[in-house]
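Please read the structure below before turning to the comments.
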Amino acid sequence: MSQCLNPDCIQINSKTTIFCQKCGSKLLLRERYRALKILGQGGFGRTFLAVDEDKPSQPYCVIKQFLPQAQGTNNQQKAGELFKQEAIQLEHLGKHQQIPELFAYFIQDHRQYLVQEYIPGQNLAQELAKTGAFSEAKIINLLGDLLPVLAFIHKQPVIHRDIKPENIIRRQGDNKLVLVDFGAAKAATRTALAVTGTVIGSAGYVAPEQAVGKAIFASDLYSLGVTCIHLLTNKEPNDLFNSGSFDWVWRNYLTVKINNTLSQVLDKLLQPGTEKRFQTAQEVLEALQLTVKPTPSLKTVSFETVTVNSTGKITNRRQAKAQIFSENINGIILDLVIIPAGTFRMGSPRNELERSDDEGPQHTVNIASFLIGQYAVTQAQWRAVAGLPKRQIDLNSDSSYFKGNNLPVDSVTWLEAVEFCDRLSQFTGRTHRLPSEAEWEYACRAATTTPFYFGETITTDLVNYDGNSTYGSGPKGVYREKTTVVGSFPPNAFGLYDMHGNLWEWCADPWHDNYNSAPTDGSVWESGGNTQYRVIRGGSWYNIPWDCRSANRGRYEPDGRNRDFGFRVVSLPPAWTP
């Protein structure tokens, strides 16, 4: 679809239309940027999700259109200056990986536009609404991620002046926090700091000195402190301030535990007097060193991988290594493998035996580094997480499908797998989720291009599946008719076990019938999918061999339960991990 940019029209048109079918306005900006839909609207104008049709991959971008609500010539002139200032700030600051990059700033049809990098993900207000109050660890992780960004912009020197949950996006792919919306940012030269300026910012988050037009660097730190207590309590800032005692009373609304050092850091961020507050982001980081929990240790493991010929005979064995990051869930360990960044061809070639049309067209995907479970989630890990506080739905740890600690948990719905990830995220303070379909296939292939990560065919010595059927010139084998203990068969070159067979594994993506217009960055493919189904991958103990291929795809209802369905989790290291 194509969104008309005429403020008096905003008609939805077909994707290939050049002129709006209702008002006749030109739909492409600078002959390349096409708006798809409205993302938001504020005091200065509208924001649109868009595509850059000048590039072969047609990547997403964001169009900001200046459309001020301010009344009066002077006010509109000031709003226009601030809009232009945002473009200037982005051009100056957007080289930082946690600040959107500016692509263009121009005037078309007598309206100002800027085009900037699209940041896929949810802002922290959306995350709060979905997951509830942040944990202590999650707040520390937030501070560890954002304070270096503030240190960078303050050094430029720029004051953001609008730090709040809505302006912080957790980016898909690497889970880094990205600071957005520099429309209120102000160059903080010595002369500018000495002059009373425009009062700007969001009610509830604005520091007292900023409220009278005298913002300083520490004003951003105050707003960051308010953001933290809002996320910790899930209460609006105005509810956390007692105007009678003129003091913050955020502790009265805590439902999670935080230690004294973090509590004192937040109190100092929230000091109304600027001299009593932290003056720099670096000061806050140094104070936080007392409260940062030790990073779970990384360990290196060695393992053997195998390669087979077309008849299934092992022709090569080699030693490999992987780095493992461990989560401790009340004594139960969840091992995650660090998967290196890379590029691969997703899908199957047309000549692959038993391929389906939904495995094409093959396309190149760039994947950022991520962590993924070394094994499918086990029954012991499921029980440990099922005992954590409920987020959305119950996880029944007494279900009849628990048969052994080191067997993979089965009969899990997609909704329950998402709930598992949400509870684990709340517990650790680090985001855990289901893999995107692209991440899953990249992790499974481990730099191979054959139907299976060990070669052209499959045997029941290497995978748990229905051995009554064969693939290519491979042999028949046993049919175990049940799951096997995780890690019973050789891993792939990344050190991942059971990516073929044993259990189908849920992915985050809704179902698409093919890969036409699929994202090329490894992200979850949300747009245009059939959300009545979610993707499953890898085949299971119940399936014939071609269902277990790296490229094979399946689908099932999100609330569907089957005894050959399981999952593994994806995450990233904490922000303070080197």
Which residue, Asn13, Ile63, Leu27, Ile12, forms the side chain to side chain contact (heavy atoms under 4.5 Å, CB included) with Gln3?
Ile12
Check each of Thr47, Val180, Val115, Leu114 against Val62 using the side chain to side chain contact (heavy atoms under 4.5 Å, CB included) test, and report the only one that passes.
Thr47
Using a distance-only test with no angle check, is there a side-chain donor-acceptor pair under 3.5 angstrom linking Gln172 and Asp521?
no
Does one side chain, of His432 or Glu327, offer a donor that lies under 3.5 Å from an acceptor on the other?
yes
For the residue pair Ile372 and Arg568, establish whether any side-chain heavy-atom pair is separated by less than 4.5 Å.
yes
Any side-chain heavy atom of Glu283 within less than 4.5 Å of one from Leu285?
no
Arg171 bridged to Asp145 by N-O distance under 4.0 Å
no
Should the pair Asp267-Arg251 be classified as a salt bridge under the 4.0 Å nitrogen-to-oxygen rule?
yes
May I ask you to check whether Tyr113 and Tyr33 place their ring centers less than 6.0 Å from one another?
no
Do Phe278 and Tyr222 have ring centres separated by under 6.0 Å?
no
Atom of Ala287, atom of Val265 and distance for their closest heavy-atom approach
CB-CG2, 3.9 Å
Other residues, nucleotides and ligands only: do more than 12 of their heavy atoms fall within 6.0 Å of CD on Gln282?
yes
Applying side-chain contact (heavy atoms from CB on, under 4.5 Å), name anything that partners Asn234, two or more places apart in sequence or on another chain.
Leu128, Ala133
Applying ring-ring contact (aromatic ring centres under 6.0 Å, His included), can you list everything that pairs with Tyr118, at least two apart in sequence or on another chain?
Tyr60
